[in-house]
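A, B, ... follow the sequence lines: proteins, then strands. Residue 1 opens every chain. What you see is a predicted model, and the numbers here were worked out from it, not measured in a lab.
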2 protein chains.
Amino acid sequence: MSASHRQIPGVNAERTRSHNRQMVLGSVRAAGAIGRAEIARASGLSTQAVSNIIADMLADGMLREHGRRTGGRGLPVQQYAINPSGGYGLGIEIRPNAVFSALIDLTGTTKHSHRTELTNNEPKTVLAEVAEHKFRALQDTGVRETSVLGAGVVMPGPFGATGIQNSGSDLPGWQDIDPQGLLEGALHLPVFVENDANASAMAERISGVAQGLETFAFLYFGQGLGLGLLQGGRLVSGAFGNAGEIGHIPVIAQGVPVALESCVSRLSVQAHLSAHGIDARDMDDLSRLYAQSAPPLLEWLDTAVQPFSAAIGIIENLFDPQVVILGGAMPDAVLDHLIDAVRLPDRSVSNRADRRQPRLMRGTSGRMTATLGAAALVLNQAFTPMIAASR
Amino acid sequence: MSASHRQIPGVNAERTRSHNRQMVLGSVRAAGAIGRAEIARASGLSTQAVSNIIADMLADGMLREHGRRTGGRGLPVQQYAINPSGGYGLGIEIRPNAVFSALIDLTGTTKHSHRTELTNNEPKTVLAEVAEHKFRALQDTGVRETSVLGAGVVMPGPFGATGIQNSGSDLPGWQDIDPQGLLEGALHLPVFVENDANASAMAERISGVAQGLETFAFLYFGQGLGLGLLQGGRLVSGAFGNAGEIGHIPVIAQGVPVALESCVSRLSVQAHLSAHGIDARDMDDLSRLYAQSAPPLLEWLDTAVQPFSAAIGIIENLFDPQVVILGGAMPDAVLDHLIDAVRLPDRSVSNRADRRQPRLMRGTSGRMTATLGAAALVLNQAFTPMIAASR
DNA sequence: CGTTTAACTCAACCAGCTTGAGTATTCAAG
DNA sequence: CTTGAATACTCAAGCTGGTTGAGTTAAACG
């Protein structure tokens, strides 16, 4: 959100431990079940160091024993796995007229979710509502407050004076304040604020179709169209946190240059249907129309395919992701239709001979994707150390 | 270059020291001259820790004393600055028919540069030539071998089976080998391989117009068109190292979808001029033509402006950079013309009210930009620790 | 059944950061 | 001019956390 000149922190013993704990947790998560020696080899630490960390994390309840694996030569490996109840992530999604929340455990399983309407979206009201969601999630699940590692919050963006004001989705009264600070005050938790596309990308990484992937793009159908980018497990969010505004890139439709999201987005399909006298308010309406093969919807899909294909080509060539994932507020069937209909460009860095995955996939987090993603931000933080591979 | 599953390393005392040294060097570089206490405050380390590191680096010759700064209350600050001769970066640019090299000191000043023609570009010939460049650079400057921190190497990409083979710029015989390993063997130095666009971006950060910037995009005019992306001082290079292939994104020219670089690139302008009977072999020819306001060149510029503007819009909205920088094998006057003529979209996250810098700038590294950038990769490594700010 | 292999533990060690006391130097106030 | 506050810096002891090397356990191999 803020700008450029953050100072890089130094490392001392305490931060070393924190990093190494995150590294171990990430290794266990990636492997499912793994022994100490293997983590030591992979990370370059000594077995003893890993052993000490694992003992710590067993005591904390973050890990649990997971049987011995035999078959090799020497002493059978004592394996460890993530203890689901070792920690939780709270996800909050704030929309102009509603608040959603989800509580997920360390393995990404949803333990609780909830939705309330907002009568107004002034900061005071929203903060109270958000605190109430947290209270309720803890009460309904019996999770202790100290087990919650943090809260991810998804809010309408972009923030700051960006030239894309009044895009219809922003919250009045939230322009010149510090949402993170306010939310930390209301929730008494570390708070991570992100936009819907970035959070959704994280949801797919933690509990969806992108598990095991580190570098991918997530194309998010919200009101408009957003893009979440992960490189090496970290979000690429630009200098001011507004990267991924793919909806605003210029494309040519019927010979006229327009914004991509005026052809490919929920608003766009709703406008098209509305012009044909069809009122499609939500995803269920769209699902029904698609199941009925409603001609105006198929028409819209036809017009959307070409700019959509162009967008995929742009994403692939600019980011070279392992895969592009589609998701958000669009029915699965419609997304699948787009994936089938798309004409992926041959001249793309992603069109490699040795691919194993498809270039395009549909996300599996469904309509709660942004809320789950908000919670996933917290887990990602717990699994991903600060240190990046040096080369 | 390689794929996804690199394991995150653990941190021990040794790596802690290495990180903190890089952090200190980066702080000194960013500040120009700075004292120990200030670095300690900014990094969160104790004064003593910083003091010890600085003592080390004075002994190594990386830093030098830079007078006391008085004016405040207490004891005047003993300041330190980068010692230019404390280390050097070697940059090598390999092209199908030539090898370029540059040696830069710790402050980014070019101490030596050289060019030789290649009669063939088999690995064996090229490796011998590259080693010869290193030998010559050291001999001509008197720099000791141990002072060279590493070598950056720029080679034609993209690598791997990417669907963009035979783009005319690749090196035959280099497809199925490990360039980094071979080069390290030939040079006896740590080697960083990058493409021309990424390296050029780094040149602007180390010694050009992007000093002090951490998140920006560099649009590189080579044979085609490439894009180098830095976020937080680190390259965004995608899952397979081929991010930034902006030349291949689809745009509409005269109603037909074509690759961007078929309208905006040196090949494109040369083709256009050639169709008008003008033979423009190199940048000097183009400069002359522009100075003469040659109508075919101005014509080409007119056709290029619209797709060029679209590309800038795409870059801004996908990356949210502090600035987009133009450079590479195109005369300054032509780049300036494009910057003047461009129609920057209003609907861009970069169109913010509180901007101080222009959205578009011309790079200052000139035609040696990729070679200097290769050398700059080494310095960036020395200045940028592995650890990223945690949020 | 001994040997080899591999994982793991124990205890001593070590690198590097922190802490707290002490010194040096400048400015400001009396 | 003297005294005190502020600030940078150093010294030495202490602490955290990773490393090292010897020793233990258990499975597989021959």
What does the list of N/O pairs under 3.5 Å between the protein and nucleotides 21-25 of chain C look like, with a distance for each?
unit_1 : atom_1 : unit_2  : atom_2 : d
C:dT25 : O2     : B:Leu75 : N      : 3.2

Q | Carboxylate-amine/guanidinium proximity below 4.0 Å for B:Lys134 and B:Glu145 | A | yes
**Q.** Nearest-neighbour nucleotide for the B:Arg41 side chain, C:dC8, D:dG18, D:dA8 considered
**A.** D:dA8
**Q.** B:Asn52 CG to D:dC9 C1', straight-line distance once rounded to whole Å
**A.** 12 Å
Q) Over how many whole Å does the gap from B:Asn12 atom CG to C:dC14 atom C1' extend? A) 12 Å
(Q) Among A:Ile82, A:Asn83, A:Leu106, which residue satisfies the side chain to side chain contact (heavy atoms under 4.5 Å, CB included) criterion with A:Met62? (A) A:Leu106
Q | Separation of D:dG18 P from A:Arg21 CZ (nearest whole Å) | A | 11 Å
Q: Say whether, by atom type as modelled, one donor and one acceptor occur between the side chain of B:Thr215 and the main chain of B:Gly232 under 3.5 angstrom.
A: yes
(Q) Could you tell me how far apart A:Leu45 (CG) and D:dG18 (C1') are, to the nearest whole angstrom? (A) 8 Å
Q: Check whether any side-chain nitrogen or oxygen of A:Arg17 sits under 4.0 Å from OP1 or OP2 of D:dT16, and answer yes or no.
A: no
Q) Can a side chain N or O of B:Thr47 be found less than 4.0 Å away from OP1 or OP2 on D:dA8? A) no
(Q) Among C:dT9, C:dC17, C:dT18, which nucleotide has an atom closest to any side-chain atom of A:Ser51? (A) C:dT9
Q | Atom-pair distance (CD1 on A:Ile54; P on D:dG17), nearest Å | A | 17 Å
(Q) So, under a plain 3.5 Å distance rule, would you say the side chain of B:Gln48 forms a donor-acceptor pair with the base of D:dC11? (A) yes
Q) With a 4.5 Å heavy-atom cut-off, do A:Val11 and A:His19 have their side chains touching? A) no
Q. Atom CZ of A:Arg21 and atom CG of A:Asn52: how far apart are they, to the nearest 0.5 Å?
A. 12.0 Å
Q: Can you measure from CZ (A:Arg205) to CZ (A:Phe216) and round to the nearest 0.5 angstrom?
A: 7.0 Å
Q | Sidechain-backbone polar pair: B:Gln79 side chain, B:Arg68 backbone, donor-acceptor under 3.5 Å | A | no
(Q) What is the distance, to the nearest angstrom, from the CE atom on A:Met23 to the P atom on D:dG17? (A) 14 Å
Q. Atom CD1 of A:Ile53 and atom C1' of D:dT19: how far apart are they, to the nearest Å?
A. 13 Å
